Undergrad: 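Once you've had a glance at the structure underneath, I'll fire off some questions.
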Amino acid sequence: METFQSLLAKKLSDGLAAAGLPDAGELTPATDARFGDYQTNAALVLGKQRGENSRDVAKKIVEHLGVDDLCEPPAIAGPGFINFTLRPGVVAEKTASLLANERLGIAKTESPRRIVIDFGSPNVAKPMHVGHIRSTVLGDALARIAKFLGHDVIRDNHIGDWGTQFGMVIYGWKNLLDQSALQQNPLAEIVRIYKETNALAISDAQVRESCRQELVKLQAGDKENIDIWNECVAFSMQDFEHVYELLDIHYDIQCGESFYNDRLPGVVERLLKSGIAEISEGAVVVFFRDIPELADKPCIIRKRDGGFNYATTDVATVDYRLDHLKADSVWYVVGAPQILHFKQIFEIAGRQWGYKADLRHITFGSILGEDRKLMKTRSGENVPLRELLEEACRRARKIIEEKNPDLSEAEKIDVAQKIGIGAVKYADLSQYRMTDYVFSWEKMLSLQGNTAPYLQNAYVRIRSIFRKAGESAPKIDELTLGSSAEITLAKRLCQFAEIVPQVLNDFRLNILANYLFEVANSFHAFYEACPVLKSEEPARSSRLALCDLTGRVLHRGLDLLGIKVPEKM
RNA sequence: GUGCCUGUAGCUCAACUGGAUAGAGCUUCUGACUUCGGAUCAGAAGGUUGGGGGUUCGAAUCCCUCCAGGCACGCCA
């Protein structure tokens, strides 16, 4: 289904051709309601290119434009903008057609790709903490949107289940383990022995050496150490699963670092053989002499002592994803500190695979505490994600008790989870991913402003109308949009199909969040101005249909963000 | 030292990638309720877009240069 934007863009293109002008500029939603619904700067761009007066060019374009079936006569404004205002009848027609459209007008992509999305990636022997929220929540939402648009998505959890920290964990396991504590809270005990060993190792060279030995034995396949490692991984996975359950986030595959272990020697060999890597100071290194920004930043893929490092694993991972999973695209939702690392890895992959694949590092900012520093507990520790999510549900529950004590116990539990988890996710998704943001319970759980509960509440009100009416959405194929509030809302709903694909341009979830906020806003304005159940036909059915469509857009939009909606709250 | 990211209203954030008079929310102030869930709506106030140059019809956005904060820069991940 075509959107107004794509229809107008086509008509503009035709108009330019008819006027003997090349394609230029763009057709975008109007920056301000005063200017109508859509605008184009084509005349400004062409005027500049050809050294002509832009308003004259605009006049010429408008003369050749055939948009009467969609718009009022286009207006030329300012330095030469051409503004388009949709005719109400056209909006009504379009909106009515969305009612019968399962996908709410959102077209599937014309070029579906297989996309591996690497997100979350917690470390074994460490609890998931607040720092994992952004990667996990962003990655999940991107996966949902890409899938809905028709891409073939593989969600991969690249768990940190291998590496030098295991030397310490195994040393701690053998020397410091408290069995009863392990029974009670396995992960906490593993974290404890890891931390204690770490502290010991700092001051004691003997311990350091022992840890190194344990690591060597593990990597050599020593049975006892492998068993310990397996147990640690299993315990950690249990903790992860609990968090994923709470978040309702699930993976297609979970190929952790250890998955690639036996591929590492082959990776290095191949890179050496092809001349991409070379030996330098005893290590195997890839240089990027022809790329100025990387010229003095080589990447080590095998250490002087013969050991492999995380760069080796990441090269093996790209290989696997491109060669075995047949990915056209790989999206890494990983924090900004690893920018340089991924530049190197992508370049290595490009040299090896001919730069065919689209590899993206999707970075994001940090979550800060109220003190504007990295969010930590009072004692300076990372905030465990599980506790944070549970607190979110607790706080949501408290608000529900105040506002709607009559809900049943089962409903309260369900609603508290949807609101609490939704609030945490939305706080993250509703802002530009690159900026740091301040974590605030009050703000994210507020029922006012751009928050999940506000959006959920708009949905709940719509459900309430239908409960009260005791009927479902009417099946009608014509809408009567009498008031400006109705027209504004309808136009807004038509934009859903324009917004969703746009999110993937630069992985900006916040534009979808902002859009949904505007929908809720327009709905509330409509709700104030237009009685639904008390109005006369045909307005009544038309308004009910508008409510239904709004509810579906909110439901679907929040679903694409990974946020659930309750029926009551 | 070099490179990358960030800097927008008192606070939290937008601005569709160069468009028109930089927009929301919170807070504050003023209005609207025997309400389909007021958990709302309408309005007001609030700005030298970190500073200074430059590019052009037009800059928060691009270039240069400072300032502030963060991150990264051969054998950690």
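Here is the naming used below: chain letters follow the sequence lines, and residue numbers restart at 1 for every chain. What you are looking at is a predicted structure, and each value in this text was computed from that prediction instead of being measured.
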Undergrad: Side chains of A:His524 and A:Tyr454: any donor to acceptor distance under 3.5 Å?
TA: yes
Undergrad: For A:Tyr426 and B:A14, give me the distance from atom OH to atom P, rounded to whole Å.
TA: 12 Å
Undergrad: So, is A:Tyr454 close to the B:C41 phosphate, meaning a side-chain N or O under 4.0 Å from OP1 or OP2?
TA: yes
Undergrad: Using a cut-off of strictly less than 4.0 Å, decide whether A:Asn309 has a side-chain nitrogen or oxygen near OP1 or OP2 of B:G74.
TA: no
Undergrad: I'd like the C1' distance from B:G69 over to B:G74, given in whole Å.
TA: 28 Å
Undergrad: Once you apply a heavy-atom cut-off of 4.0 Å, does A:Asn123 come out as touching a base, just sugar-phosphate, or nothing?
TA: nothing
Undergrad: For the pair made of CZ in A:Phe342 and P in B:C4, what is the distance, rounded to whole Å?
TA: 19 Å
Undergrad: Distance check: side-chain N/O of A:His524 vs OP1/OP2 of B:U40, anything under 4.0 Å?
TA: no
Undergrad: Salt-bridge test for A:Glu402 and A:Lys398: reply yes if a basic N is under 4.0 Å from a carboxylate O, no otherwise.
TA: no
Undergrad: Just checking, A:Arg263 and A:Tyr260: is the charged tip under 6.0 Å from the six-membered ring centre and within 45° of the axis?
TA: no
Undergrad: Within the 4.0 Å heavy-atom criterion, would you say A:Ile339 contacts the bases, only the backbone, or no part of the nucleic acid?
TA: sugar-phosphate
Undergrad: Need one value for A:Tyr527: base, sugar-phosphate or nothing, where a base atom within 4.0 Å counts as base even if backbone is also close, heavy atoms only.
TA: base
Undergrad: With respect to the side chain of A:Gln338, which nucleotide from B:A24, B:U17, B:A77 is positioned closest?
TA: B:A77
Undergrad: Checking all strands, does A:Asn521 fall into the base, sugar-phosphate, or nothing category for heavy-atom contacts under 4.0 angstrom?
TA: sugar-phosphate
Undergrad: Quick one: is A:Thr435 getting a side-chain N or O under 4.0 Å of the B:A14 phosphate, OP1 or OP2?
TA: yes
Undergrad: Looking at the base of B:G58, is there any donor atom on it, or on the side chain of A:Lys48, that sits under 3.5 Å from an acceptor on the other one?
TA: yes
Undergrad: Identify the stems formed by RNA chain B, where each pair is Watson-Crick or G-U wobble with both distances under 3.5 angstrom and a stem is at least 3 consecutive pairs.
TA: B:1-7 with B:67-73, B:10-13 with B:23-26, B:28-32 with B:40-44, B:50-54 with B:62-66
Undergrad: Measuring only the C1' atom in each nucleotide, how far is B:A22 from B:A60? A whole number of Å is fine.
TA: 8 Å
Undergrad: Give a yes or no on this: more than 12 heavy atoms of other residues, nucleotides or ligands lie within 6.0 Å of atom NZ of A:Lys376.
TA: yes
Undergrad: Please report the distance separating the C1' of B:C64 from the corresponding atom of B:C71, rounded so that it comes out in whole Å.
TA: 24 Å
Undergrad: Under 4.0 Å between any heavy atoms, over every strand shown, what does A:Pro337 touch: base, sugar-phosphate, or nothing? Just pick one.
TA: sugar-phosphate
Undergrad: Which whole number of Å gives the distance between the P atom of B:G47 and that of B:G3?
TA: 36 Å
Undergrad: In whole angstrom, give me the gap between the C1' atoms of B:G46 and B:G10.
TA: 9 Å
Undergrad: Rounding to an integer number of Å, can you tell me how far A:Glu293 CD sits from B:A72 C1'?
TA: 13 Å
Undergrad: Which part of the nucleic acid, if any, lies within contact of A:Gln448, taking any heavy atom under 4.0 Å across all strands shown: a base, the sugar-phosphate backbone alone, or nothing?
TA: sugar-phosphate
Undergrad: With a 4.0 Å limit, can you tell me whether A:Asn510 has a side-chain N or O closer than that to the phosphate oxygens OP1/OP2 of B:A15?
TA: yes
Undergrad: If you measure from the C1' atom in B:G53 to the same atom in B:U48, how many Å do you get, rounded?
TA: 15 Å
Undergrad: When we call it a touch if two heavy atoms are under 4.0 Å apart, what does A:Lys403 touch: a base, just sugar-phosphate, or nothing?
TA: base
Undergrad: Does B:C11 have its OP1 or OP2 closer than 4.0 Å to a side-chain nitrogen or oxygen of A:Lys443?
TA: no
Undergrad: Under 5.5 Å centre to centre and under 30° between planes: does that hold for A:Phe81 and the six-membered base ring of B:A20?
TA: yes
Undergrad: Please work out if A:Asp406 contacts a base, only the sugar-phosphate, or nothing of the nucleic acid, heavy-atom cut-off 4.0 Å.
TA: nothing
Undergrad: Going by 5.5 Å between centroids and 30° between planes, is there a stack of A:Phe35 over B:A20?
TA: yes
Undergrad: Which part of the nucleic acid does A:Leu340 contact within heavy-atom distance under 4.0 Å: base, sugar-phosphate only, or nothing?
TA: sugar-phosphate
Undergrad: On the side chain of A:Glu528, is there an atom forming a donor-acceptor pair with the base of B:A42 - under 3.5 Å, no angle test?
TA: no
Undergrad: Donor-acceptor pair under 3.5 Å: do we get one between A:Asn41's side chain and the base of B:A20?
TA: no
Undergrad: Considering only the C1' atoms, how many Å lie between B:G70 and B:C33, rounded to the nearest integer?
TA: 49 Å
Undergrad: Is any side-chain heavy atom of A:Met444 closer than 4.5 Å to a side-chain heavy atom of A:Thr451?
TA: no
Undergrad: Counting distance alone, no hydrogens or angles: does the base of B:G25 have a donor or acceptor under 3.5 Å from a partner atom on the side chain of A:Thr451?
TA: no
Undergrad: How is A:Glu281 classified with respect to the nucleic acid when contacts are heavy atoms under 4.0 Å: base, sugar-phosphate, or nothing?
TA: base
Undergrad: Is B:U17 in the syn or the anti form, by the rule that syn lies within 90° of 0?
TA: syn
Undergrad: Roughly how far apart, to the nearest Å, are B:G25 and B:U40 at atom C1'?
TA: 15 Å
Undergrad: In terms of relative ring orientation, are A:Phe342 and A:Tyr332 parallel, tilted or perpendicular, with 30° and 60° separating the classes?
TA: tilted
